[in-house]
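Beneath this line is the structure, given in structure tokens, with notes to follow.
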Amino acid sequence: MNQLSIQAVSRSFAGPGGKSTQALLPVDFEVGENDFVTILGPSGCGKSTMLRIVAGLDFPSTGQVLLDGRAVTGPGADRGMVFQSYTLFPWLDVEQNIRFGLREKGVTAALQKERCDYFIAKVGLRGFENHYPKQLSGGMQQRVAIARALANDPKILLMDEPFGALDNQTRVLMQELLLGIWEAERKTVLFVTHDIDEAIFMASRVAVFSARPGRIKSDIPVNLPHPRHYTVKTTPAFMEFKARLTEEIRAEAIAAVAH
Ligand SMILES: Nc1ncnc2c1ncn2[C@@H]1O[C@H](COP(=O)(O)OP(=O)(O)OP(=O)(O)O)[C@@H](O)[C@H]1O
Ligand SMILES: [Mg+2]
């Protein structure tokens, strides 16, 4: 059985003047346990909408999402979400933000501290434990959000352009961090990005969305060997994936602009 099953999920939104916008056409998509699926597609094609539906933060107009065979009806600790924009609790410091979910789950204070310290070090924020979000740069806030999601140890990580605001060097380090965690712990990940290199580097599968109304246009397995080192990005096999995906995305980007 697949861990996550997206069954004929569509979404339309009511718009101004009673006109509705079809954000997603019915999408069928199966995600197996330990899959690392990256999602590429033009702006406005419904990627965030689909992720929010899987997270239980929004509801489909038709269809349903099953997680381990049970219908998703709302958010849950089994799914960890990292958004495009920063979503820390402004009234909590870095450490309290990261420990929040663990505390809610009733994890002991000692274990909260241990996991928190581990991920603070991993995302390079040692020394900032007691800073509040407004005292951090955008990229630092995003790293806290990533540490918080990882510390909670959810079954599925739902990540919506989580590295979009980071500088290129930090971004590559975060890709390696996330991939290393995936290689060690084999989490299930759905990861939206606009960056083709990033999509290939981390994925076991790349799903390409069509222009709005979105549907999944292709679903490409990435069989590059693990552990993957950033040097894989210069190999012929990587370049082949990149050339193919660049063509696919280009066609959809043109269709999106011509809309
Ligand atoms: N809450 C909402 N109310 C009305 N329309 C919405 C809402 N959320 C999304 N939409 C519409 O749904 C469509 C898809 O939006 P979505 O945010 O899912 O796109 P996306 O693929 O994530 O784009 P991007 O790459 O720019 O983040 C857009 O046309 C958008 O205007
Ligand atoms: Mg989006």
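Index from 1, following the sequence. Heavy atoms only: backbone and side chains are in, while hydrogens, waters and symmetry mates are out.
A heavy-atom distance below 4.5 Å is not found between the side chains of Ser48 and Phe83. Side-chain contact check for Phe29 versus Asp219: some heavy-atom pair is nearer than 4.5 Å. Looking at Met50 and Ile39, their side chains come closer than 4.5 Å, going by heavy atoms from C-beta outward. Side-chain contact between Arg215 and Lys217 is present, with at least one heavy-atom pair separated by less than 4.5 Å. Side chains of Arg79 and Pro154 form no contact here, defined as non-hydrogen atoms less than 4.5 Å apart. At least one side-chain heavy atom of His226 sits under 4.5 Å from a side-chain heavy atom of Trp182. Counting heavy atoms from C-beta on, the side chains of Asp68 and Gln3 come closer than 4.5 Å. Proximity of Phe13 to Asp58: side-chain heavy atoms (C-beta onward) are separated by under 4.5 Å at one or more points.
Here CG of Leu179 is found 14.5 Å from OH of Tyr230. Values are rounded to the nearest 0.5 Å. In this structure, Lys155 NZ and Leu67 CG are separated by 5.5 Å, a value rounded to the nearest 0.5 Å. Rounded to the nearest 0.5 angstrom, Ile200 CD1 and Phe238 CZ are separated by 4.5 Å.
Linking Ile, Leu, Val, Met, Phe, Trp and Tyr residues whenever their side-chain heavy atoms come within less than 4.5 Å leaves Val192 and Phe201 in two separate clusters. Connection of Leu150 to Tyr118 is established within a shared hydrophobic cluster, with ILVMFWY side chains joined at heavy-atom distances below 4.5 Å, either directly or through further cluster members. Val82 and Leu173 fall into different hydrophobic clusters, where Ile, Leu, Val, Met, Phe, Trp and Tyr side chains are chained together by heavy-atom contacts under 4.5 Å. Cluster membership for Leu51 and Val65, using ILVMFWY side-chain heavy atoms within less than 4.5 angstrom, is shared. Under a hydrophobic clustering in which Ile, Leu, Val, Met, Phe, Trp and Tyr are joined whenever their side-chain heavy atoms come within less than 4.5 Å, directly or via other members, Val232 and Leu177 fall into the same cluster.
Contact detail for Met174 and Val123: the closest heavy-atom pair is CE-CA, 4.0 Å. Among all heavy-atom pairs drawn from Glu198 and Phe163, the shortest one is OE1-CD1, 3.4 Å. Shortest non-hydrogen contact noted between Arg228 and Glu183 is N-OE2, 3.0 Å. Taking every heavy atom of both residues into account, Arg99 and Cys116 meet most closely at CG-CB, 3.8 Å. The two atoms that bring Cys45 and Leu24 nearest to each other are O-CD2, 4.2 Å, heavy atoms only. Nearest heavy-atom pair across Ile98 and Leu102 is O-CD1, 4.3 Å.
Ionic pairing of Arg244 and Glu248 is present here: one or more N-O contacts between side-chain nitrogen and carboxylate oxygen are shorter than 4.0 angstrom. Note on Lys47 versus Asp160: no salt bridge recorded, every NZ/NE/NH1/NH2 to OD/OE distance being 4.0 Å or above.
Annotation: cation-pi geometry not satisfied between Arg143 and Phe128 (NZ/CZ under 6.0 angstrom from ring centroid, within 45° of ring axis).
Shown are Leu125, Ile146, Ile181; of these, the side-chain contact (heavy atoms from CB on, under 4.5 Å) with Phe119 is made only by Ile181. Between Gln141 and the choices Val94, Leu88, Thr87, the side-chain contact (heavy atoms from CB on, under 4.5 Å) rule is met once, by Leu88. Under the side-chain contact (heavy atoms from CB on, under 4.5 Å) test applied with Phe36, the options Leu178, Val222, Leu190 reduce to a single match, Leu178.
Shown here is Lys122, whose NZ atom has no more than 12 heavy atoms of other residues, nucleotides or ligands within 6.0 Å.
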Could you walk me through whether Asp93 and Glu129 pass the side chain to side chain contact (heavy atoms under 4.5 Å, CB included) check?
CA-CA 7 Å; Asp93 70 15; Glu129 288 83 350; over 6 Å; no
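Of the N and O atoms on the side chains of Glu33 and Thr188, not one donor lies less than 3.5 Å from an acceptor on the other residue.
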